[in-house]
Peer 1: 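First the structure, then my questions, so here it is.
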Number of protein chains: 2
Amino acid sequence: MGSGESSERCEPYRARVDRWRTSASVLDEVRRSPGLTRVELATRLNLSSATTTETVARLRESGWLCEDRAPISGRGRPTTCLRPAPDGPRVLALDLRHEDWRLAVAGLDGVPTVLCSGRRGDDLTEQLRRAIGAAAPAAPGTNDSFVASTGTNESFVPNGSGGRPPLALGLAVPAPLSDDVFVRATELDWAPIAADLVAGPDHPEIPVLPGNDATLAGLAEARTGAAVGAGTALSLTVEVGIGGTLLLDGRPQLGAHGAAGEFGHLPFGDPAIPCACGAWGCWAPELDGRALARHLGVDPPADPRTFATEILDRADAGDEAALAAVARVAAALGRGVAGLVNAHDPEVVVLGGLAPRLRGPAFDEAYERGLMAFRRADPTPVLDGVHGDDAPLDGAVALALDDVTSAEGLARAIG
Amino acid sequence: MGSGESSERCEPYRARVDRWRTSASVLDEVRRSPGLTRVELATRLNLSSATTTETVARLRESGWLCEDRAPISGRGRPTTCLRPAPDGPRVLALDLRHEDWRLAVAGLDGVPTVLCSGRRGDDLTEQLRRAIGAAAPAAPGTNDSFVASTGTNESFVPNGSGGRPPLALGLAVPAPLSDDVFVRATELDWAPIAADLVAGPDHPEIPVLPGNDATLAGLAEARTGAAVGAGTALSLTVEVGIGGTLLLDGRPQLGAHGAAGEFGHLPFGDPAIPCACGAWGCWAPELDGRALARHLGVDPPADPRTFATEILDRADAGDEAALAAVARVAAALGRGVAGLVNAHDPEVVVLGGLAPRLRGPAFDEAYERGLMAFRRADPTPVLDGVHGDDAPLDGAVALALDDVTSAEGLARAIG
DNA sequence: CGCTTTTCCTCGCCATCCGAGCATAATGAG
DNA sequence: CTCATTATGCTCGGATGGCGAGGAAAAGCG
């Protein structure tokens with residue numbers, strides 16, 4: 001071990017990453033507002049004209065950005081608009097749901113194209129590995145040998161990845177995560193999936209980035225949805241129970257084990273009512289189809305999601321009993337949202353899943369009543385999410401793209 | 001407006017700040033673990049030996065760091081230990097409380113020395129300006145002309161700032177903040193204070209950084225207390241009501257208007273009980289002296305803080321009625337803490353103010369009962385804060401030092 | 001056709017961070 | 001005491017990023 005041999009330092013980390021720091025922020029800005037001009041970019045990031053030239057040229061040559069002429073307005077040399085390159089790097093996104101799954105590919109524009117989907121079967125892991133193997137060919141260009149191997153419940157759209165191997169896989173899972181392991185492993189035996197997907201005989205090793213579906217839904221809204229530009233945003237999704245995430249500068253708060261965002265298990269409810277999670281008085285059982293069933297005096301439904309949509313439909317049709325039950329649930333939602341606004345002071349609250357359908361006078365009244373008085377003059381806006389059922393998939397894309405377009409990711413991919 | 005004149009860009013921001021980025025992280029690391037060796041520093045930050053030499057030399061010459069010989073262990077050239085320079089830059093910290101105030105000065109080690117204090121009077125702003133003027137002389141070295149101008153209720157310790165003008169003022173206020181304005185302006189007419197303190201006839205302009213006292217208490221615990229090193233930490237302080245903060249990598253989550261951390265106004269309580277804040281069913285009224293009074297069946301106390309300590313003393317002495325009342329409050333605390341752990345997945349929870357005295361079987365039982373089942377195998381530790389009543393002051397110091405030792409702050413002060 | 005306006009590009013400068021080699025200061029074996 | 005060993009600090013030249021200045025380019029306007 002001579003003196004020149006660096007003992008512990010594995011990499012010239014700082015120089016390698018610093019080199020791409022500015023490129024990463026440029027890419028970030030272009031992803032955030034595609035089509036912005038070079039001049040606008042430079043002023044936003046406080047870059048000199050020289051640096052802009054240098055950075056944009058490098059990203060263009062690497063095939064990450066493309067430029068086209070901006071519409072001319074007035075005098076002066078025309079500038080160019082910057083966009084993610086349409087044939088640039090790609091990522092995969094996998095949306096696992098209770099009953100089915102979807103695999104999509106997306107470019108830097110963040111718009112996913114669904115490649116294949118299937119219903120959840122016993123051989124789920126095998127299904128997914130086949131799908132990923134088809135989408136992420138081990139050697140570039142070999143995915144022409146793609147055969148529409150439609151199994152029992154699967155459907156494929158060939159050749160979505162455009163020949164370049166994807167750089168990462170975002171993974172949305174409908175369960176709490178803790179240290180990248182699914183918590184309700186009894187219910188959804190997906191614990192080993194993330195590990196199994198990292199590499200397989202069919203495809204090269206790519207980073208797999210798992211995230212809770214409600215967390216990723218919030219991420220999607222923060223990047224391209226109702227919470228764009230918010231420094232602090234709160235996203236809440238009602239499906240079975242309620243999930244969500246607190247977003248700070250567009251980044252979800254993940255917690256020590258990645259299990260943050262379980263707002264449904266704040267004790268906003270009746271302390272005498274037990275929750276499936278094992279705690280008492282949780283908010284979640286007051287909000288979904290099970291709560292509606294309780295208010296209607298019927299047995300707990302097997303599928304709370306479907307039951308809830310039925311009741312909401314009946315309420316929309318004017319059914320008095322359904323309206324009363326929905327109002328009680330809406331009030332519970334509004335009361336809790338107000339408390340979270342008090343606690344976290346978000347710029348905006350975004351509702352997803354069934355929550356938008358719960359809004360109405362009962363929600364509004366409970367929301368205002370639950371706010372601290374000084375907030376009522378200018379109450380935090382509560383908006384409906386714009387991503388709908390695609391939110392977790394769109395969020396998985398964003399998660400993967402964030403990894404790929406970070407300074408570290410660029411250093412990995414280009415430098 | 002020639003072509004060379006940069007139109008909007010006011011500063012060569014990037015180069016100016018990048019220059020100090022590494023210095024800032026070095027300073028951060030040394031503040032976090034004073035006395036660490038150069039080698040340890042280099043491995044932690046992934047710096048080459050050359051860069052370490054360069055950066056440390058610059059910080060030493062600027063008077064921010066000092067080196068002394070490390071205790072030798074084994075062969076090899078002995079290394080040095082890095083510490084904040086004892087005669088380095090200083091900051092001021094002002095702790096405003098309901099009844100009194102304290103002004104302190106601190107070096108980079110973050111240990112405050114109280115310079116003066118006083119009871120809150122009608123001329124508070126004038127008191128504070130005099131005190132700050134004495135501590136932050138307009139011209140360096142002129143504070144020898146200090147006269148112990150002990151007014152009615154003030155006491156001074158002269159010459160704490162050591163001749164160098166302080167670089168910033170951290171300000172702890174016992175009220176919710178929103179956009180740097182105190183919310184309960186009716187109760188505590190301190191709204192104009194922050195603005196007034198920025199500059200005055202007696203002292204030069206220095207940045208004033210206000211923060212809520214409970215937020216700053218959490219900051220202190222995250223930096224040098226019970227939450228050191230936690231990626232996600234939750235700090236809760238019971239005084240009158242309950243305040244707190246969610247800390248991410250040691251930085252408090254502030255919210256859109258800086259009003260985050262009002263966990264006391266989450267609806268963990270009885271929805272029929274109104275809170276002074278204007279909402280209903282808040283957690284706060286279940287936790288402090290007013291809750292104890294309610295459980296004991298006596299009138300609401302004028303000073304809930306003092307009343308609570310009396311009841312806690314009686315409970316410690318074995319008074320049955322007091323014990324029962326405390327147990328109910330402790331259960332309310334434990335239940336809410338568990339919910340917050342479910343929602344935010346912190347690495348550690350730190351309790352301050354009266355909260356440590358509330359802990360006991362009732363708290364523990366409610367805490368465990370409120371946790372999601374999967375958390376019970378390895379419950380998030382709940383620790384008592386180590387800063388005690390000094391926590392807000394210590395946090396104000398940390399807030400000011402963070403500003404001063406950031407890359408921007410270094411560029412301002414040195415570059 | 002030239003002038004104005006706005007933007008882009010090239011060049012030299014200075015900064016950081018790096019690797020390599022050498023210098024330095026301790027231990028410990030003989 | 002001397003010298004090999006070991007761990008660390010320092011110096012130097014090189015690579016690279018960001019900047020300012022000046023000139024070039026591309027449009028409109030008269």
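Just so it is clear, the values below take in all heavy atoms, side chains as well, and ignore hydrogens, waters and symmetry mates. Sequence lines set the chain letters: A, B, ... in the order given, protein chains first and strands last, and positions in each chain run from 1.
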Peer 1: More 5' along DNA chain C: B:W20 or A:P78, using each one's nearest nucleotide?
Peer 2: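 Upstream on the strand: A:P78.
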Peer 1: Given atom CZ of B:R69 and atom P of C:dT24, what is their separation to the nearest angstrom?
Peer 2: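 About 14 Å, once rounded to whole Å.
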Peer 1: In whole angstrom, what separates A:E54's CD from C:dG12's P?
Peer 2: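 One finds 16 Å between P of C:dG12 and CD of A:E54, rounded.
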Peer 1: Using whole Å, what does the distance between atom P of nucleotide D:dA15 and atom CG of A:D18 come to?
Peer 2: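 A:D18 atom CG is separated from D:dA15 atom P by 19 Å.
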Peer 1: I want to confirm an ordering. Mapping A:G76 and A:A50 to their closest nucleotides on DNA chain D, which one lands closer to the 5' end?
Peer 2: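 Closer to the 5' end of DNA chain D: A:A50.
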Peer 1: Looking at A:T53, does any N or O in its side chain come under 4.0 Å of the phosphate oxygens OP1/OP2 on C:dC9?
Peer 2: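 The answer is yes; a side-chain N or O of A:T53 sits under 4.0 Å from OP1 or OP2.
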Peer 1: Rounded at 0.5 Å granularity, tell me how far CG in A:L254 sits from OG1 in B:T232.
Peer 2: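 Taking CG in A:L254 and OG1 in B:T232, the distance rounds to 8.0 Å.
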Peer 1: Check whether any side-chain nitrogen or oxygen of A:T51 sits under 4.0 Å from OP1 or OP2 of D:dG17, and answer yes or no.
Peer 2: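 The answer is no; no side-chain N or O of A:T51 sits under 4.0 Å from OP1 or OP2.
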Peer 1: Is there a side-chain contact between B:R75 and the phosphate of C:dA29, meaning an N or O under 4.0 Å from OP1 or OP2?
Peer 2: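 No, B:R75 has no side-chain N/O under 4.0 Å of OP1/OP2 on C:dA29.
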Peer 1: Hey, is the side chain of B:T79 poking within less than 4.0 Å of OP1 or OP2 on D:dG9, counting only N and O atoms?
Peer 2: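 True: B:T79 side-chain N/O within range (under 4.0 Å) of D:dG9 OP1/OP2.
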Peer 1: Give a yes or no on whether a salt bridge exists between B:R31 and B:D402, defined as a side-chain N under 4.0 angstrom from a carboxylate O.
Peer 2: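 Salt bridge: yes.
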Peer 1: Is A:R77 near enough to D:dG28 that one of its side-chain N or O atoms lies under 4.0 angstrom from OP1 or OP2?
Peer 2: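 False: A:R77 side-chain N/O out of range (4.0 Å or more) of D:dG28 OP1/OP2.
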Peer 1: Rounded to the nearest Å, what distance is computed from the CG atom of residue B:L82 to the C1' atom of nucleotide D:dG9?
Peer 2: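 Rounded to whole Å, this separation is 13 Å.
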Peer 1: Once you round it to whole Å, what is the distance between P of C:dC8 and CD of A:E40?
Peer 2: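 Value for this atom pair: 12 Å.
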Peer 1: Tell me if the side-chain of B:S49 makes a donor-acceptor pair with the base of D:dC10, cut-off 3.5 Å, by modelled atom types.
Peer 2: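 Indeed there is one.
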Peer 1: Can you tell me how far apart OG (B:S25) and CG (B:L45) are? Round to the nearest 0.5 Å.
Peer 2: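 Rounded to the nearest 0.5 Å, the OG-CG separation comes to 5.0 Å.
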Peer 1: How long is the straight-line distance from CZ of A:R38 back to CG of A:L36, given to the nearest 0.5 Å?
Peer 2: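 Answer rounded to 0.5 Å: 11.0 Å.
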Peer 1: When you check the phosphate oxygens OP1 and OP2 of D:dC10, does a side-chain N or O of B:R38 lie under 4.0 Å from one of them?
Peer 2: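 Checking B:R38 against D:dC10: at least one side-chain N or O falls below 4.0 Å of OP1 or OP2.
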Peer 1: Can you measure from CD (B:E67) to CZ (B:R60) and round to the nearest 0.5 angstrom?
Peer 2: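 These two atoms lie 4.5 Å from each other.
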Peer 1: Would you tell me if any nitrogen or oxygen in the side chain of B:R19 comes within less than 4.0 Å of OP1 or OP2 on D:dG17?
Peer 2: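 Answer no for this pair, as no side-chain N or O of B:R19 is under 4.0 Å from OP1 or OP2.
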Peer 1: Provide, to the nearest angstrom, the distance between the CG atom belonging to B:L41 and the P atom belonging to D:dT8.
Peer 2: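 To the nearest whole Å, that distance equals 13 Å.
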Peer 1: Report the distance from atom CZ of B:R60 to atom P of D:dG9, rounded to the nearest whole Å.
Peer 2: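 Checked: the CZ to P distance equals 11 Å.
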Peer 1: Hey, is the side chain of B:R21 poking within less than 4.0 Å of OP1 or OP2 on C:dT16, counting only N and O atoms?
Peer 2: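 So the side-chain polar atoms of B:R21 never come under 4.0 Å of the phosphate oxygens OP1 or OP2 of C:dT16.
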Peer 1: To the nearest angstrom, how far is A:L47 atom CG from D:dG20 atom P?
Peer 2: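 Rounded to whole Å, this separation is 11 Å.
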